[in-house]
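The model shown is predicted, which means the values in this text are computed figures rather than measured ones. Computed over heavy atoms, backbone and side chain alike; hydrogens, waters and symmetry mates excluded. Order of the sequence lines sets the chain letters (A, B, ...), proteins ahead of strands, with each chain counted from 1.
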Amino acid sequence: MTHIRAPRGTIDVFPEKPGIWQRLEETVRSVCRNAGYTEIRTPIFEHTELFQRGVGESTDIVEKEMYTFLDKGERSITLRPEGTAPVVRAYLEHKMWAGPQPVKVYYIGPMFRYERPQLGRLRQHTQFGVEALGASSPALDAEVISILISVYQHLGLSGFVVRLNSIGCSECRPRYKESLVNLLSEHVDELCADCRRRLRRNPLRVLDCKNERCAILAKELPPIFEYLCEDCSRHFGGVTECLKALDLVYELDPTIVRGLDYYTKTVFEVVHSGLGAQDALGGGGRYDGLAEELGGTQTPGVGFAAGIERAVQVLQDAGDKETSTDAGEVTVFIAAMGDEAKIEAFRITHALRKQGISTDIDYLDRSLRAQMKYADRQGVKTVVIIGEDELKGDYVIVRDMVTGEQTRVPFGDLIKILTQNTILSKDLKLPREK
RNA sequence: GUAGAUGUAGCUCAAUGGUGAGAGCGCUGGACUGUGGCUCCAGAGGUUGCGGGUUCGAGCCCCGUCAUCUACCCCA
């Protein structure tokens, strides 16, 4: 029998891990709210055209990585491969440009790309991101970067590097591309096969080729800064000035070009050495032309997207132990023997739960011994034992699983004693002990 | 789409082409008929990923296929 497995490139997040996930999501929410961003939830699928026009026909995403299908109404639908285009679509669709600007939103949710899975790469992964629309101030670029960094700092994550670049606008970037092509065409023979193709399609990509000989050539090329138009140049200066004002450390890196067509001016990535070949924790930039590309009015925007699975990986490698947020952990276990006592135990369990005391019970008709063992493995602090003797005597035994102390408690006082037990209430959220 | 490595118990892994595929951990039960952790004993659990082929005989060799991992392309 071959049983069904999760589709390639997807993962189940297991009980040991949700704590770290929840902490991450809560951190994202609080940092974003703190900066005036509110949550937006866009559909997980969109019209294919949104991405074709927004992300760009010639990008890898649109060319070969989209989960696209025809629905029963013959519409071409695509599982969203990224979050920015949908947000801009929503902004335009709901005429949010008519309200106060800028509109600042954040999101957390799954993205889909049909790729070969490897370390840090999945077909369904989760991104958190922010978008700030309707303002072109460089301070907003810096704000967005600082939010991403702030999330990592709040998580206690370290060892990341911010890389910053500007790729100009529709006015100055073509000039730069042209001169790159001119300069490189003299050395076509020395370029790798990929770069020869890049030369025609996207010469900027030659800049970050990993091939040794290409990299040597790329080093000789002039940085884009020399080609930026006055507007872009001034904007970039504003961004770096703001980052310095925040004491935010960054590296100027002319090799960052990003894989989506909508970027203009500022682009950045946050990378971490512990991630393997896919070393980006997150990335983003400005996209002043995207709204227009989607048929809307010209609207500046800037944002980032970051991978949750990758952040989780780095946190785990760093030995992050905080996994107890949603451990489903129980502090009281009712061990019962005999049919009558079991009914009573069931009743007590639910009464305790009503009082907010997490309580569990045996469902496998196990021996007292086995119930004790199970309770111990579950990290239970207190076991209430109830059998025939106790029923007759109208009391229960309360056993402290840490010290081994046991006391008889009159039946009617049980809930009161467990509720008032200071040790118990203090320890409600302690992680289990080994 | 390309390349390499790997698929044996729930997990981590053994097993020269030759009995009925094993161990540790975990799980269940018992020693201790009503008391967890330590110890000991026992039990359950396998279509050796799947399909072909070679062979007297395949977990092992060959082919195909699927999956996982890593890398390329590119990205979160």
When rounded to the nearest 0.5 angstrom, what distance separates CD in Q52(A) from CE in M66(A)? 5.5 Å

Euclidean distance, atom CZ of residue F268(A) to atom C1' of A76(B) [Å, nearest integer]: 12 Å

Determine: side-chain N/O of R258(A) to OP1/OP2 of A76(B), distance under 4.0 Å, yes or no. yes

Is the count of non-hydrogen atoms from other residues, nucleotides or ligands lying under 6.0 Å from R353(A) atom CZ greater than 12? yes

Does C32(B) pair with anything, Watson-Crick or G-U wobble, both distances under 3.5 Å, and if so, with which nucleotide? none

Using atom P of each nucleotide, how far apart are A42(B) and U48(B) to the nearest Å? 27 Å

Taking salt bridge (Lys or Arg N to Asp or Glu O under 4.0 Å) as the definition, give me every residue that meets it alongside K104(A), ordered by chain and number, with sequence neighbours left out. E143(A)

Hey, are T68(A) and T78(A) close enough side-chain-wise for a donor-acceptor pair under 3.5 Å? yes

Complement of U68(B), any strand, by Watson-Crick or G-U distances under 3.5 angstrom: A5(B)

Tell me whether I343(A) at atom CD1 has more than 12 heavy atoms from other residues, nucleotides or ligands lying less than 6.0 Å away. no

Report, as a single string ordered 5' to 3', how protein heavy atoms within less than 4.0 Å touch nucleotides 33-40 of chain B: B base, S sugar-phosphate only, - not at all. -BBBB---

What's the gap between C66(B) and A9(B) when it is taken at their P atoms, as a whole Å value? 22 Å

Sugar-phosphate only, base, or nothing, as touched by Q371(A) at under 4.0 Å among non-hydrogen atoms: nothing

U12(B) pairs with, by Watson-Crick or G-U criteria that keep both distances under 3.5 Å: A23(B)

Whole-angstrom distance between G37(B) and G30(B), as gauged at atom P: 13 Å

Would you measure the distance from the P atom in A5(B) across to the matching atom in C61(B) and give it in whole Å? 13 Å

R113(A) (side chain) donor-acceptor with P81(A) (main chain) under 3.5 angstrom: yes

Rounding to a whole Å, what distance do you find between E269(A):CD and C74(B):C1'? 11 Å

Report, as a single string ordered 5' to 3', how protein heavy atoms within less than 4.0 Å touch nucleotides 64-71 of chain B: B base, S sugar-phosphate only, - not at all. ---SS-SB

Would you call the rings of Y67(A) and F112(A) parallel, tilted or perpendicular, where under 30° means parallel and over 60° means perpendicular? perpendicular

Using whole Å, what does the distance between atom P of nucleotide A3(B) and atom CD of E115(A) come to? 19 Å

Aromatic contact between F411(A) and Y395(A), with the criterion being ring centroids under 6.0 Å apart: yes or no? no

Between C25(B) and G43(B) - P atom distance, rounded Å: 16 Å

Please give the distance between the C1' atoms of U16(B) and C60(B) as a whole number of Å. 10 Å

Distance, rounded to the nearest Å, where F160(A) contributes CZ and A76(B) contributes P: 18 Å

Quick check: on RNA chain B, is the nucleotide nearest E82(A) upstream (toward 5') of the one nearest K64(A), or the reverse? Name the residue that is more 5'. K64(A)

C1' spacing across the pair C11(B) / U70(B), given as an integer number of angstrom: 22 Å

Given the side-chain rings of F160(A) and Y152(A), with only the six-membered ring counted for Trp, is the space between their centroids under 6.0 Å? yes

Atom-to-atom span, CZ of F128(A) to C1' of A76(B) - whole angstrom: 10 Å

Other residues, nucleotides and ligands only: do more than 12 of their heavy atoms fall within 6.0 Å of CD on E340(A)? no

Give R113(A) one of three labels, base, sugar-phosphate or nothing, depending on what nucleic acid heavy atoms sit under 4.0 Å from its own. base

Whole-Å distance, R123(A) CZ to C74(B) P, equals 18 Å

Nearest-angstrom distance, P atom, G59(B) to C13(B): 22 Å

Value in whole Å for how far the P atom of C73(B) lies from CZ of R198(A): 7 Å

Complementary nucleotide for U47(B) - Watson-Crick or wobble, under 3.5 Å: none

Partner nucleotide, any strand, of C56(B) [Watson-Crick/G-U, under 3.5 Å]: G18(B)

Report yes or no: does Q316(A) contribute a side-chain atom to a donor-acceptor pair with the main-chain N or O of Q313(A) at less than 3.5 Å? no

Report the distance from atom CD1 of I108(A) to atom P of A76(B), rounded to the nearest whole Å. 17 Å

